[in-house]
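Convention: sequence-line order gives letters A, B, ...; per-chain numbering from 1.
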2 protein chains.
Amino acid sequence: MTERTTRRKTSRFRGVAAEERQAQRRAMLIEAGADVFGEHGFHAATVREICKRAKLTERYFYESFANREALFAAVYEQLTQNLRDEMVAALLPAPRDVGAMARAGLTTLFASMRDDPRLMRILFVDVFTVSDEVDRLSRRTTGAFAQLLQTLVDSFYPADRRGGLDTNLIAHGLVGACMNLVMYWAYGGYKEPLESVVHNVAVLFEALGAYVGGAEAPAAPAGPGRRVTRRR
Amino acid sequence: MTERTTRRKTSRFRGVAAEERQAQRRAMLIEAGADVFGEHGFHAATVREICKRAKLTERYFYESFANREALFAAVYEQLTQNLRDEMVAALLPAPRDVGAMARAGLTTLFASMRDDPRLMRILFVDVFTVSDEVDRLSRRTTGAFAQLLQTLVDSFYPADRRGGLDTNLIAHGLVGACMNLVMYWAYGGYKEPLESVVHNVAVLFEALGAYVGGAEAPAAPAGPGRRVTRRR
DNA sequence: TATGTTTGACAATGACGTATGTCAATATTC
DNA sequence: GAATATTGACATACGTCATTGTCAAACATA
């Protein structure tokens, strides 16, 4: 016969509402997760360390996330979201030609990766090893980047001028080229200047355009089946 | 006061010498390791499961390897060694022009990756997350592939015709393109025909050549820094 | 001030994996 | 055939970590 414990509710605590406090804690955990995952990698990261970094106790971890993997997914989505936004912001004002757009997007990409050392490990390495579900998430995300790229390519080169190329495959190849270059660049301590890295990748983009259809690029002889003359 | 226990030695057991038996066990562990690492990934693999798969007990595991990480490194070296050998074997008899060599090497690469599902995960994914030491091993190995590629590129296009490109960066980009395409291809269940994947990557190679030097006939106006123009 | 709420520090539990150890069965050498 | 080596199956100790639980202090409300 009790059940009548008035159940008061504390609507605000230290000036902020319960909902907002919880959201803040979640955000702090994501930030701390990015730090720890980015520094030691997912598999060496412990819930305890993440909580310590976030200045929260384990209880609050499980308030927002079912487990370490769920936090990783949240971190990943947060970081890719940011990156996508930055790249779109860089792309929008760029002149609408292949070289300029490539350089704008790539500059943002490589600069971001260099300026936030956590990104590479989280976005390009660990994400494939966390779990099948996170792996699928990463494929979708990488695929979305490739899709964006493909759309751009397709808009520059109409279907009849693609020389039998599968722009989907090409896009995935280019994304992979960027990923590996980021890793190589980072591993070498970012020795090459940003412009140099960007330029070389941009040339990859431009070369493709030139080879296939040569819209605004150095014209190529567009003969049927006429590829690089095979020695003979 | 004993010490004189004749310390007999069993030179052969079931017909094979001790050294060879141990080498066989090591080989079985490497094979089993490739299976287990390739199927579930390094971090989900346990020493017990690997031993079970190798039909050996844990004791023999530690006879050959200090820990799981050491086994992974051995597996990695074994697999990359094989792959390198296959690719070299495919490259040697190929006509010495960019397109043909690219296609020969790439066909071997993509076919190998498709035919042995363990490779992708071990060579392109897990290797970066095992430990710092294994990570360095992977950089060296990937770097060696890139180096090989770069040497080829450099031999086709002499320095004065590279349009300010850093062939080292380009090579790493191309390696990354291959890696990501393998992953994309595998993830999609190898739907696209092998020839199609190879063709699209080969075009990436050729396009670069065409863009930089036009055709593959460098016919270099043999400037000062003359190179071996591999072409007859 | 009294009562219930929110928080932080930390303990308890349980699962899991590595690395080493035990012991009996089998093979080999003398 | 006796003594030792080798093997295979299994057990044990040890540590780490995820996850839940306890408790008291700080805070908010009436």
Pairing of A:E39 and A:R53 as salt bridge, 4.0 angstrom limit: yes

Salt bridge or not for A:R103 and A:E206, using N-O below 4.0 Å? yes

Taking the cut-offs as 6.0 angstrom to the six-membered ring centre and 45 degrees off its axis, would you call B:R121 and B:F37 a cation-pi pair? no

Does NZ or CZ of A:R139 come closer than 6.0 Å to the centre of the six-membered ring of B:Y187, within 45° of the ring's axis? yes

d([atom1], [X]; [atom2], [N]) in whole Å:
{"X": "B:K52", "N": "C:dT18", "atom1": "NZ", "atom2": "C1'", "answer": "17 Å"}
{"X": "A:E58", "N": "C:dT13", "atom1": "CD", "atom2": "P", "answer": "17 Å"}
{"X": "A:K55", "N": "C:dT7", "atom1": "NZ", "atom2": "P", "answer": "17 Å"}
{"X": "B:E49", "N": "C:dT18", "atom1": "CD", "atom2": "P", "answer": "10 Å"}
{"X": "B:F65", "N": "C:dT18", "atom1": "CZ", "atom2": "P", "answer": "15 Å"}
{"X": "A:Y62", "N": "D:dC17", "atom1": "OH", "atom2": "P", "answer": "12 Å"}
{"X": "B:E69", "N": "C:dA19", "atom1": "CD", "atom2": "P", "answer": "10 Å"}
{"X": "A:I50", "N": "D:dA18", "atom1": "CD1", "atom2": "C1'", "answer": "12 Å"}

Contacts of B:R48 and A:R25 projected onto DNA chain C by closest heavy atom; the upstream (5') one is A:R25

B:A45 or A:L56, whichever maps to the more 5' nucleotide of DNA chain C: A:L56

Is there a donor-acceptor pair under 3.5 Å between the side chain of A:R25 and the backbone N or O of A:L56? no

Hey, does A:T57 reach any base, or is it just sugar-phosphate, or nothing, if we go heavy atoms under 4.0 Å? base

With heavy atoms under 4.0 Å as the rule, sort B:Y60 into base, sugar-phosphate or nothing. base

Is it the case that the base of C:dG8 and the side chain of A:R59 share a donor-acceptor contact (distance under 3.5 Å, atom types as modelled)? yes

Check the phosphate of C:dA19 against B:R68, side-chain N and O only, distance under 4.0 Å to OP1 or OP2. Yes or no? no

For DNA chain D, whose closest nucleotide is more 5', that of A:A66 or that of B:E63? B:E63

